[in-house]
2 protein chains.
Amino acid sequence: MAAEATRKAPARTAAGGGTPTAGATGTAPTRRERARAATVEEIKNAALDLIRDHGSANLRFTDIARTLGLTPPALYRYFADRDELLTALVTDSYDSLSDALDATRGTVPADDLDARFLATCGAYRSWAQDSPERFALIFGSPVPGYAAPPDGPTAVAGRRAMDHVLELLADTATAGRLGHPLVPDTEQATILAWATVHGFVTLEAHGHLHALDPATRDHLFTTQARLAARTAGLTPASP
Amino acid sequence: MAAEATRKAPARTAAGGGTPTAGATGTAPTRRERARAATVEEIKNAALDLIRDHGSANLRFTDIARTLGLTPPALYRYFADRDELLTALVTDSYDSLSDALDATRGTVPADDLDARFLATCGAYRSWAQDSPERFALIFGSPVPGYAAPPDGPTAVAGRRAMDHVLELLADTATAGRLGHPLVPDTEQATILAWATVHGFVTLEAHGHLHALDPATRDHLFTTQARLAARTAGLTPASP
DNA sequence: GAAAAGCGTGAAGCCTCGTAACGCTGATAA
DNA sequence: TTATCAGCGTTACGAGGCTTCACGCTTTTC
């Protein structure tokens, strides 16, 4: 007869989290799984490069494919569509931010709370400067129709970044160095401090401070970080 | 024979600033010029509505045309291409912001400097909330390739918004109420204050503060505005 | 009233997204 | 060892958006 349902549909997509070759959790990845993961990384890196050069709005599957020496349809083996790729990039960007903040933990003496706070602020800014495309993916204008799911990976990753700062402030509180007359709630104070630093960083990242020379910008940022520290509740140790 | 250069090319585009029916400066607009201006407004309004619903990245000429009951090619009589339309929208957005800030001038007693500053901050936030699409156009992730010309209309309009705040602080200075230990330069202090308020507004506009209920957000914003006032150099009158 | 300018349309070319059907390769299993 | 199969990548294709072109209609201008 005809068409006896051969191949039963190519198992397209890979959507949620299950890759076609998804091995049981904990087992060593097979050669194929490693190759697949490597290709996924290649695709995401190529996409980030293109976003850096042309903006996330102009990201084209065709260009990614050309970069990798593939044809556009090949990418659909790894991402169901452009949105799924963007979602993965956003999630990765949150993780990248969290990693960058975590990395500062080891560079500053644990008992120097002011230094830890300022270093965290500086890491936030450095990360934005070094990964403008990731910063734009997270904090740039979001697509209204898209909207990440409330309990999705982006929400979790975002929470992780925030928790980093809260933990720092908790340490500060136990040291008896916390206290602010305007915002008694620690979490709310953290939000305002974050907003203070974020305002500077986002203006700078989007070129609205390009009139200032770099040295002045650096100086102003340090000042802004100090103001944020005060907002967060760190009482100035050395004024 | 054939093709005797009839119509000498349809005078397409309208790019820089000269509309096809551009009348001499100062003369009353003709009926046609008014009709054209009205159509331009219709196009821009339709575009803003679509941006609000679907994001600036998904703005389609086809959709704008459909909204106005036109065919897509008709829009090319008014804008050379999608980028030119977006440029116009960005410029308009800056003007909209400036107008919103200017409008607060009359609502607060001129001698109440704290109230004027807080009202300006509030106007900034209200404008962002009421015109999220305009806010996104100015402060959302810009297209890397695009980059407004340094002396272009967007730069001028942006400067106008900034001057508004500087003027306010100049009034404050003459009143002898200005002085800040951290940032002696008034313009730099303005930038930090702006960044402080902007950080809150942009986080809120992009949904990063959606976990907070509106009343709490309002309260926090007022606090942030007070902190910005202190950064700008306003010495607290009523602590 | 005639010429010109401006406006809008349908047709057409190019590019991108996304789907479908097919061949190849390496892994797996009898 | 050989047959099968999952996964990968390709070509072919349809749908839809951007933009240009050639043309007709309406309004303004002389």
Side-chain angles (χ1 to χ4, degrees), chain A residues 2-15 18-23 27-40 42-43 47 50 54 57-86, chain B residues 2-15 18-24 27-40 42-43 47 50 54 56-86:
Chain A
E4 64 284 34
T6 44
R7 293 176 178 286
K8 74 189 286 200
R12 196 55 60 77
T13 172
T19 61
T21 53
T27 63
T30 68
R31 170 187 304 274
R32 219 173 211 167
E33 284 167 342
R34 269 183 285 129
R36 181 181 177 84
T39 305
V40 167
E42 261 188 295
I43 292 173
L50 289 168
H54 307 299
N58 295 31
L59 180 63
R60 284 186 286 254
F61 259 41
T62 306
D63 294 340
I64 300 174
R66 182 162 33 235
T67 303
L68 302 187
L70 295 176
T71 54
L75 302 183
Y76 288 83
R77 294 281 179 197
Y78 301 91
F79 296 96
D81 54 17
R82 226 166 112 270
D83 274 4
E84 189 174 299
L85 171 57
L86 281 175
Chain B
E4 64 285 36
T6 43
R7 292 176 179 286
K8 75 190 284 203
R12 196 54 61 72
T13 173
T19 61
T21 53
T27 64
T30 68
R31 171 186 304 273
R32 215 171 217 171
E33 283 169 342
R34 270 184 283 129
R36 182 182 176 84
T39 305
V40 167
E42 261 188 296
I43 293 173
L50 288 167
H54 307 299
S56 60
N58 295 32
L59 180 63
R60 284 187 285 254
F61 257 41
T62 306
D63 294 339
I64 300 175
R66 182 163 32 238
T67 302
L68 303 187
L70 295 177
T71 54
L75 302 183
Y76 288 81
R77 294 282 179 195
Y78 302 91
F79 297 95
D81 54 18
R82 224 165 114 270
D83 274 4
E84 189 174 298
L85 171 58
L86 280 175

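Note on naming: letters A, B, ... go to the chains in the order of the sequence lines (proteins, then strands), and numbering restarts at 1 for each one. Note that these values count all heavy atoms, side chains included, but never hydrogens, waters or copies made by symmetry. Note that the coordinates shown come from a computational prediction; the quantities given were computed from them, not determined experimentally.
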Exercise. To the nearest 0.5 angstrom, please state how far the CZ atom of A/Arg66 sits from the CG atom of A/Leu50.
Key: 9.5 Å
Quiz prompt | Pair B/Leu59-B/Leu85, side-chain contact (heavy atoms from CB on, under 4.5 Å): steps then yes or no | solution = CA-CA 10 Å; B/Leu59 180 63; B/Leu85 171 58; 4.3 Å; yes
Quiz item: Which whole-number value in Å describes the distance from A/Glu84 CD to C/dC17 C1'?
Solution: 15 Å
Please write out each protein N/O paired with an N/O of nucleotides 10-17 of chain D under 3.5 Å, distance rounded to 0.1 Å.
{"unit_1": "D/dT10", "atom_1": "OP2", "unit_2": "A/Thr71", "atom_2": "N", "d": "2.8"}
{"unit_1": "D/dT10", "atom_1": "OP2", "unit_2": "A/Thr71", "atom_2": "OG1", "d": "2.4"}

Quiz item: What is the distance, rounded to the nearest whole Å, between atom OH of A/Tyr76 and atom P of D/dG7?
Solution: 20 Å
Quiz item: Does B/Arg82 have any side chain to side chain donor-acceptor pair (under 3.5 Å) partners at least two apart in sequence or in another chain, and if so, which?
Solution: none
Quiz item: Can you check the A/Phe79 CZ to C/dC17 P distance for me, whole Å?
Solution: 15 Å
Quiz item: What is the distance from CG of A/Leu86 to P of C/dC17, rounded to the nearest Å?
Solution: 11 Å
Practice problem: Could I get the full list of side chain to side chain contact (heavy atoms under 4.5 Å, CB included) partners for B/Pro73, not counting sequence neighbours? | Solution: B/Thr71
Could you go over nucleotides 26-30 of chain D and give all protein N or O partners under 3.5 Å, atom names and distances?
{"unit_1": "D/dT27", "atom_1": "O2", "unit_2": "B/Arg32", "atom_2": "NH2", "d": "3.3"}
{"unit_1": "D/dT28", "atom_1": "OP1", "unit_2": "B/Arg31", "atom_2": "NE", "d": "3.4"}

Quiz item: Do you know which two heavy atoms are closest between A/Glu84 and A/Tyr78, and how far apart they sit?
Solution: OE2-O, 4.1 Å
Quiz prompt | Non-neighbouring partners of B/Arg60 that pass side chain to side chain donor-acceptor pair (under 3.5 Å), sequence neighbours left out | solution = B/Asp63
Quiz item: Quick one: B/Asn58 CG to C/dT16 P, roughly how many Å, whole number?
Solution: 17 Å
Practice problem: Whole angstrom is fine here: how far is it from CD1 in A/Ile64 over to P in C/dT16? | Solution: 12 Å
Quiz item: Reckon B/Tyr78 has a side-chain N or O less than 4.0 Å from the OP1 or OP2 of C/dG8?
Solution: yes
Self-check item: Side-chain heavy atoms of A/Leu70 within contact of A/Ile43, under 4.5 Å
Solution: no
Exercise. Provide, to the nearest angstrom, the distance between the CZ atom belonging to A/Arg34 and the C1' atom belonging to D/dC8.
Key: 17 Å
Practice problem: Without swapping roles, check the side chain of B/Glu33 against the backbone of B/Thr30 for a donor-acceptor pair under 3.5 Å. | Solution: yes
Quiz item: OP1, OP2 of C/dC7 versus side-chain N and O of B/Arg36: anything below 4.0 Å?
Solution: yes
Quiz item: When the distance from CG of A/Leu50 to P of C/dT16 is rounded to whole Å, what number comes out?
Solution: 12 Å
Quiz prompt | Check against side-chain contact (heavy atoms from CB on, under 4.5 Å), B/Val40 and B/Phe79 | solution = CA-CA 9 Å; B/Val40 167; B/Phe79 297 95; 3.9 Å; yes
